[in-house]
Asks: 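Take a look at the following structure, please.
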Amino acid sequence: MTHRTTPPPRICPNCDGFASAAITLGGRDRHGNLRTITAHCSRCNGLGTVPARRLPEGARV
């Protein structure tokens, strides 16, 4: 018997797969390091992929 495979995850359309970005706040701290924050994509929660949608049986694409 053949096994059904799960469809591959789709790349998030909001972030194009680049789910996290380091943003500099400008300036440096007292140790000389850049001050940064990490921003995550709100749709995929920082994963870069969204689950594939399931189409009902017999539906046309």
Asks: Any side-chain hydrogen bond (donor to acceptor under 3.5 Å, both in side chains) pairs touching residues 28-37, not counting sequence neighbours?
Replies: none
Asks: Quick one: closest heavy-atom pair of Cys44 and Thr49, and the distance?
Replies: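 Closest approach of Cys44 to Thr49: CB-O, 3.5 Å.
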Asks: Locate the shortest heavy-atom distance separating Asn14 from Cys41; write the atom from each residue and the value.
Replies: CB-SG, 4.0 Å
Asks: Which atom names give the shortest non-hydrogen contact between Gly48 and Ala19, and what distance separates them?
Replies: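 Gly48 and Ala19 have their closest heavy atoms at N-CB, 3.4 Å.
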Asks: If every non-hydrogen atom of Arg43 is compared with every non-hydrogen atom of Pro13, which pair is closest and at what distance?
Replies: NH1-CG, 3.1 Å
Asks: Under 6.0 Å from the CD1 atom of Ile11, do we count more than 12 heavy atoms belonging to anything else shown?
Replies: no
Asks: For Ile37, which fellow cluster members are found when Ile, Leu, Val, Met, Phe, Trp and Tyr are connected by side-chain heavy-atom distances below 4.5 angstrom, either directly or through intermediates?
Replies: Ile23, Leu25
